[in-house]
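All residue numbers refer to positions in the sequence shown, counting from 1.
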Amino acid sequence: MNWIKAHWKPLAVILALLLWAAWYSRPVDIYTVAPKIREPDMMDFVLSDLGENRKNYPTKHITPEDPEWGPALEAVEALRFRRPPWNPILQFIPEGTIYGRTTHDGDHHVIFFLGKRPKGYVQVQFFIDEWSYSNPLPFSFANRALTLWVDNSKETGDALAEAFRPLLEEPEAS
């Protein structure tokens, strides 16, 4: 008991950090990741099929007036992200070396920008099975991609790619 009385301040700090880490890494929506973009007014998205059957779809820019807005925004708002507790520290450290990844048929690369003018935007990227986002905070010095965790990462990214694909394909000429 004397040991606890003598060390209660460091123990309280550790407990506070553990509680904060649990709160920070809870599942959140896109508006928690980037709070300034509530009620967004623009979205750009890019989709690439990777592997042998590589296909790059054209970038699509949409606004609330476009018919694609509802389905695209629904797909993005359905995502639930978990942020690693070390992201607030990493945003101040320059990014290291980019390493290559082997791609296979069925792999996807999806990037979407969701924003509200003039407040800014957030960029979220899914590549094969990893998620990341650009830091939407104004005080980041490194301007680096930060990690996001998503349950069933690959399956969720593939589902997002499939939700975006019909919005990107050109209508066939009759």
Side-chain angles (χ1 to χ4, degrees), residues 2-48 50 59 61 72-104 107-161 163-164:
N2 288 338
W3 185 87
I4 292 176
K5 283 183 181 180
H7 297 90
W8 75 269
K9 288 181 183 177
L11 291 172
V13 168
I14 291 170
L15 180 61
L17 285 172
L18 288 172
L19 291 173
W20 176 85
W23 172 83
Y24 186 79
S25 61
R26 77 197 186 285
V28 296
D29 62 10
I30 191 69
Y31 303 119
T32 304
V33 172
K36 288 187 175 187
I37 63 164
R38 288 202 185 277
E39 298 177 19
D41 60 9
M42 59 77 68
M43 183 187 312
D44 292 344
F45 49 95
V46 180
L47 169 63
S48 298
L50 306 175
T59 301
H61 175 77
L73 189 61
E74 237 177 70
V76 168
E77 289 178 337
L79 297 170
R80 291 296 173 261
F81 305 105
R82 297 176 71 96
R83 300 165 294 177
W86 50 83
N87 272 359
I89 296 166
L90 287 181
Q91 68 187 342
F92 298 103
I93 301 170
E95 204 157 8
T97 307
I98 297 173
Y99 58 91
R101 302 266 317 264
T102 302
T103 60
H104 305 286
D107 287 342
H108 295 103
H109 185 198
V110 179
I111 301 173
F112 68 86
F113 299 84
L114 186 65
K116 181 164 181 71
R117 289 176 230 134
K119 295 186 177 187
Y121 68 91
V122 64
Q123 174 191 334
V124 177
Q125 180 173 204
F126 166 74
F127 183 70
I128 303 175
D129 61 353
E130 295 178 354
W131 291 81
S132 64
Y133 72 106
S134 64
N135 180 14
L137 300 176
F139 53 81
S140 172
F141 299 114
N143 194 22
R144 69 175 287 159
L146 299 173
T147 303
L148 287 171
W149 295 326
V150 177
D151 289 339
N152 301 316
S153 180
K154 182 158 179 38
E155 294 80 9
T156 302
D158 291 344
L160 183 65
F164 282 168

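In this structure, K154 places its NZ atom where more than 12 heavy-atom neighbours from other residues, nucleotides or ligands lie under 6.0 Å away. Heavy atoms of other residues, nucleotides or ligands lying less than 6.0 angstrom from CH2 of W149 number more than 12.
Inter-residue side-chain proximity for F126 and L79 is flagged as unmet; no heavy-atom pair is nearer than 4.5 Å. Counting only heavy atoms from C-beta outward, the side chains of V124 and L114 never approach each other to under 4.5 Å. H109 has its side chain within reach of Q125: a pair of non-hydrogen atoms, C-beta onward, lies under 4.5 Å apart. For the pair K36 and K116, the minimum side-chain heavy-atom distance is 4.5 Å or more.
Pairing each heavy atom of V110 with each of G157, the nearest pair is CG2-O, 4.4 Å. Taking all atoms of both residues into account, the shortest heavy-atom contact from P88 to P85 is CD-O, 3.3 Å. Of all the heavy atoms in T32 and P35, the pair that sits closest is O-CD, 3.6 Å.
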Is there a side chain to side chain contact (heavy atoms under 4.5 Å, CB included) between L160 and F45? Walk through the geometry before answering.
CA-CA 11 Å; L160 183 65; F45 49 95; over 6 Å; no

Should E77 and Y31 be marked as a side chain to side chain contact (heavy atoms under 4.5 Å, CB included) after you check the CA-CA gap, both sets of side-chain angles, and the distance that decides it?
CA-CA 8 Å; E77 289 178 337; Y31 303 119; 2.5 Å; yes

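Here the straight-line distance linking atom OG of S153 with atom CZ of F127 works out to 12.5 Å at 0.5 Å rounding. In this structure, the separation between CG on D44 and OG1 on T59 is 7.0 Å, given to the nearest 0.5 Å. The CG atom of L146 sits 8.5 Å away from the OG atom of S132 when rounded to the nearest 0.5 Å. Note that CE of M42 is 8.5 Å distant from OH of Y121, once rounded to the nearest 0.5 Å. In this structure, I30 CD1 and Y133 OH are separated by 9.5 Å, a value rounded to the nearest 0.5 Å. The line from CZ of F112 to CG of L73 is 9.5 Å long, rounded to the nearest 0.5 Å.
Side chain of D158 to main chain of H108: no donor-acceptor pair is present (N/O by atom type, distance under 3.5 Å, no hydrogens or angles). Under a 3.5 Å cut-off, the side chain of D41 and the backbone N or O of R117 do form a donor-acceptor pair.
The side-chain contact (heavy atoms from CB on, under 4.5 Å) test with R80 singles out one residue from D29, T156, V28, and that residue is D29.
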Table please: side-chain donor-acceptor pairs of residues 18-26 below 3.5 Å, with sequence neighbours left out.
residue: S25; atom: OG; partner: A21; partner atom: O; Å: 2.7
residue: R26; atom: NH1; partner: W23; partner atom: O; Å: 2.8

